[in-house]
Amino acid sequence: MKTIKHLAMAALACLAMTTPTRAAETAEVLELLDLTRPGLEKVAELHAAGNDSAAAVELLQYYRNRTGFDTGGVNPDKVKLSKTDRKWADDGMEHTFFVHKGYQPSYNYGEDINWQYWPVRDNELRWQLHRTKWWVPMGKVYRVTGDEKYAREWMLQYRDWIKKNPLINTKSKAERDANPGAAENMRFAWRPLEVADRLEHQIEQFALFLPSENFTPDFLIDFLANYDRHGRYLNTHLSKQGNHLLFEAQRMLYAGCYFPELKYASELRRSGIDVLNKEIKKQVFDDGVQFELDPGYHLATINIFTKALEMANANGYKGEFPDEYLQTIKKMIEAHYNYSFPDYTMPVFSDNKLHNKGGVLPNYRKWRRLYPQDKQIEWFATEGKSGQQPAYTSHALPVGGFYTLRNGWGDDATVMVFKAGPKGEWHNQFDNGTFELWRKGRNYFPDSGSFIYGGDDEVMEQRNWFRQTRVHNTLTLNNENLKTRESRLLKWEPGEQIDAVAVETPGYPGLTHRRTVWFVDDSFYVIADEAFGDATGDVAIHYNLLRSEPVEDLKKGAVSTDFDDNNNLTLRVFGADKAERVEGWASPAYREKYERPAYEFTTPKTGAAPVRFITVIYPTDDNKAASHKIEAKYKGQFATDGVAVDVKIDGKKYPLSLSF
């Protein structure tokens, strides 16, 4: 790479080419800066003398010599280049842009880049184009190889993006007329979440490409003007709530920390910190659950809060967050591991995607640095090599509505995570009463997921299929979606031999669903479903299994897995007039799905009398799950203050009851 001295000489050689228009632009950007900051004395002197071209050269030198700033992401001096980085970068050189994992192979956006190209009417595809995910990989390849073609191409694309995605006032007819198509494009290119994403990742791009001989004073002026424009726009166009608002606040803090030379930086930083301090109280329930009731977004918001804290601390703003902020993050971490499975996966409830251990474990290692005295976080961070596993097993998060009934924390554990909470926010689904059940490394009842987010009618039809109540492990009336997504806890009663939980969901006009779950002898589960009220119609409970070829005896309401590794279970439903196999799909990732067996157990409700089902889920350590003899019946009439059932398995009796 060229030396700083060589680069300075090259920059000075360009001064004679400065046009009046360019001079005005340079002067405007210099006015955006606080030139009283230490290190900018010469820039200030040249600007005051009207020699802005020379001031821009000095400004570039200032940034190249500046030390002690953390990007919050890639360390430009310790770049690790993966095969994926190389592919995204090289494809990006040809304008084949990696936009979304769900759309592979990537699309080519043309020699003359078409930033409005929309090959599939999925909003995410067009929104995420404007996150320019391939630019940081291009910077990594440049830093590792020193090949200037990556720097040149990044700068060409960066300026091309600015030119073709103008920030306009969409309420102004004059601006709309002057920029045809820009108003519609604003919805994608300038959505606050995408603006925030660019604010964060342009920091890394800046640091990676800064040594390039192609990074001229002129380009610096363009970059700072664009960056300042992003920050000012975002701060006045924040999302109203949810994870978007958190992402935006965290990234404003990043901008304010990394570019304190901008006069607007302190306002950005302060605004970001204020939003985060306010929203952590608003968006996180007292039990540590984030209010969207989506385990994936819960994990994401933990990392938003921690990244903001770390960025502030690393860049000299320690103490901007109170102790209460740290304690709330800790509660969120505890909630996360309490509804996670021993293999570090977590239920794919709501719009969550399947996370693997390799993606989750690094989070614990970061959290351990934040809470070095916490033995439980240490245990998860070290995969049990040190620290202490939680002293309890089953656990309730009663405000968020996640109840975990488990017999251990190791790979041989049996774990059910049961979901029945408040309405939640946009990412939450119509799934109150559903659950996932994991045993010895196998998830027997994976949630259906979400498949896709939003777009035109065709895209929304695909999304809505996966959000239906009937494709979750819960109860429906006439196979319709829940009309009310709010459950209340009736009883949480963990014990030495039996753990129990009961919830009630008034899901339909005239129909309330009460579900009671017992975890018996640390071994099997019994579910009592009672639908009561004056509504009539077909009441059904639904069970969606993992991908397999189960043994079915639907006349008896029985379905059993048949794996040859001595890890199986049988599902037995009592009280249904009809049982049938229905269409079943699960989506572990965006635009990925697979077919799986799903079952519907139905009884008509013709009057005021309640409809009642009992389900026994009996795991076995043999390949004969279907051969176990299971019986179950309600004990006594329907009551509003409790429930009791008698269960018999292979001749052994289990009387179960719970008072509310």
Side-chain angles (χ1 to χ4, degrees), residues 29 32-34 37 39 59-60 62-81 85 88-89 92 128 130-143 150-151 154-155 157-159 161-162 192-212 215 219-235 246-273 276 303-304 306-317 320 366:
V29 169
L32 297 175
L33 303 176
D34 176 9
R37 288 183 61 84
L59 182 62
L60 180 58
Y62 162 82
Y63 276 114
R64 283 180 171 150
N65 291 321
R66 193 182 69 160
T67 60
F69 285 81
D70 192 316
T71 68
V74 176
N75 182 341
D77 298 319
K78 296 180 180 179
V79 173
K80 294 180 180 180
L81 188 62
D85 289 330
W88 290 12
Q128 294 198 31
H130 296 286
R131 298 181 190 179
T132 57
K133 299 175 185 177
W134 60 96
W135 281 354
V136 168
M138 286 171 70
K140 289 182 177 181
V141 175
Y142 166 70
R143 269 304 180 104
Y150 293 96
W154 171 66
M155 292 168 200
Q157 291 184 20
Y158 189 91
R159 282 171 157 160
W161 188 94
I162 294 172
L193 185 62
E194 275 60 53
V195 177
D197 192 277
R198 293 194 296 272
L199 266 184
E200 177 174 348
H201 295 296
Q202 284 182 70
I203 290 173
E204 296 169 279
Q205 295 156 25
F206 181 87
L208 288 165
F209 286 113
L210 189 59
S212 169
F215 201 121
F219 182 79
L220 175 63
I221 294 302
D222 289 344
F223 181 94
L224 291 174
N226 185 52
Y227 201 83
D228 184 82
R229 185 184 308 121
H230 272 62
R232 291 173 186 270
Y233 179 81
L234 180 61
N235 199 20
L246 300 184
F247 276 117
E248 292 155 16
Q250 172 240 310
R251 288 155 173 171
M252 287 197 303
L253 183 153
Y254 267 44
C257 287
Y258 194 78
F259 287 106
E261 299 82 11
L262 291 169
K263 290 177 181 176
Y264 200 63
S266 60
E267 186 168 343
L268 274 180
R269 187 181 66 253
R270 186 70 260 161
S271 180
I273 290 171
L276 291 168
N303 287 329
I304 290 170
T306 56
K307 285 175 69 175
L309 180 66
E310 290 168 348
M311 187 67 166
N313 290 348
N315 289 288
Y317 301 99
E320 297 285 345
K366 292 178 183 176

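Every heavy atom of this structure was used, including side-chain atoms; hydrogens, water molecules and symmetry mates were not. Note that the structure is predicted; figures quoted are calculated from it, not measured. We number each residue from 1, following the sequence as shown.
A 4.5 Å side-chain heavy-atom check between Ile273 and Leu276 finds every atom pair outside the cut-off. Between Glu261 and Asp34, every side-chain heavy-atom pair lies at or beyond the 4.5 Å cut-off. The side-chain heavy atoms of Leu60 and Phe215, taken from C-beta on, include a pair separated by under 4.5 Å.
Relative orientation of the His230 and Trp161 rings is tilted, given thresholds of 30° and 60° on the angle between their planes.
One finds the CG atom of Leu262 at 8.0 Å from the CG atom of Leu268 (value rounded to the nearest 0.5 Å). Rounding to the nearest 0.5 Å places OG1 of Thr71 at 10.5 Å from NE2 of His201. With rounding to the nearest 0.5 Å, the separation of CG in Asp228 from CZ in Phe223 is 11.5 Å. Rounded to the nearest 0.5 Å, atoms CG (Leu59) and CG (Leu220) are 5.0 Å apart. Taken to the nearest 0.5 Å, the OH atom of Tyr233 stands 12.5 Å off from the CG atom of Leu199.
Closest heavy-atom contact between Cys257 and Tyr317: SG-CD1, 3.7 Å. Between Trp88 and Pro137, the shortest heavy-atom distance links the atoms CE3-CG, 3.8 Å. The two residues Leu208 and Pro76 have their closest heavy-atom pair at CD2-CA, 4.0 Å. Of all the heavy atoms in Gly92 and Trp134, the pair that sits closest is CA-CD1, 4.1 Å. Nearest heavy atom pair, residue Ala207 against residue Tyr258, reads CB-OH, 3.6 Å. Scanning both residues, Arg143 and Pro211, for their nearest heavy atoms gives NH2-CG, 3.0 Å.
Checked options His130, Gln128, Arg131; the residue passing with Glu194 is Arg131 (criterion: side-chain hydrogen bond (donor to acceptor under 3.5 Å, both in side chains)). Screening Gln205, Lys80, Lys140 against Val74 for a side-chain contact (heavy atoms from CB on, under 4.5 Å) leaves a single residue, Lys140. The ring-ring contact (aromatic ring centres under 6.0 Å, His included) test with Trp135 singles out one residue from Tyr142, Tyr150, Tyr158, and that residue is Tyr158.
In this structure, Glu267 does not pair ionically with Arg232, as no charged nitrogen and carboxylate oxygen lie closer than 4.0 Å.
Checking side-chain atoms of Asn315 against main-chain N and O of Met311 turns up a donor-acceptor pair under 3.5 Å. Listed for the Gln250 side chain is no donor-acceptor partner under 3.5 Å among the backbone atoms of Ile304. Side chain of Thr306 to main chain of Asn303: a donor-acceptor pair is present (N/O by atom type, distance under 3.5 Å, no hydrogens or angles). Remark: side-chain polar atoms of Arg251 are not paired, donor with acceptor, to backbone N or O of Glu200 under 3.5 angstrom. Arg198 places no side-chain N or O within 3.5 Å of a backbone atom of Thr132 that could act as its donor or acceptor partner.
Around the NZ atom of Lys366, the shell of radius 6.0 Å holds no more than 12 heavy atoms that belong to other residues, nucleotides or ligands.
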Exercise. Do Glu320 and Arg270 pass the salt bridge (Lys or Arg N to Asp or Glu O under 4.0 Å) test, and can you show the C-alpha distance, the side-chain angles, and the key distance before you say yes or no?
Worked result: CA-CA 9 Å; Glu320 297 285 345; Arg270 186 70 260 161; 2.7 Å; yes

Exercise. After noting the C-alpha distance and the side-chain angles of Leu193 and Glu248, does the key distance pass the side chain to side chain contact (heavy atoms under 4.5 Å, CB included) rule?
Worked result: CA-CA 6 Å; Leu193 185 62; Glu248 292 155 16; 4.1 Å; yes

For this session: Dump the intermediate steps for side chain to side chain contact (heavy atoms under 4.5 Å, CB included) on Phe259 and Tyr63, then the final yes or no.
Result: CA-CA 10 Å; Phe259 287 106; Tyr63 276 114; 4.0 Å; yes

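The ring of Phe206 has its center no closer than 6.0 angstrom to the ring center of Tyr227.
Geometrically, Arg229 does not engage Tyr264 in a cation-pi contact, judged by NZ or CZ lying under 6.0 Å from the ring centre and within 45° of the ring axis.
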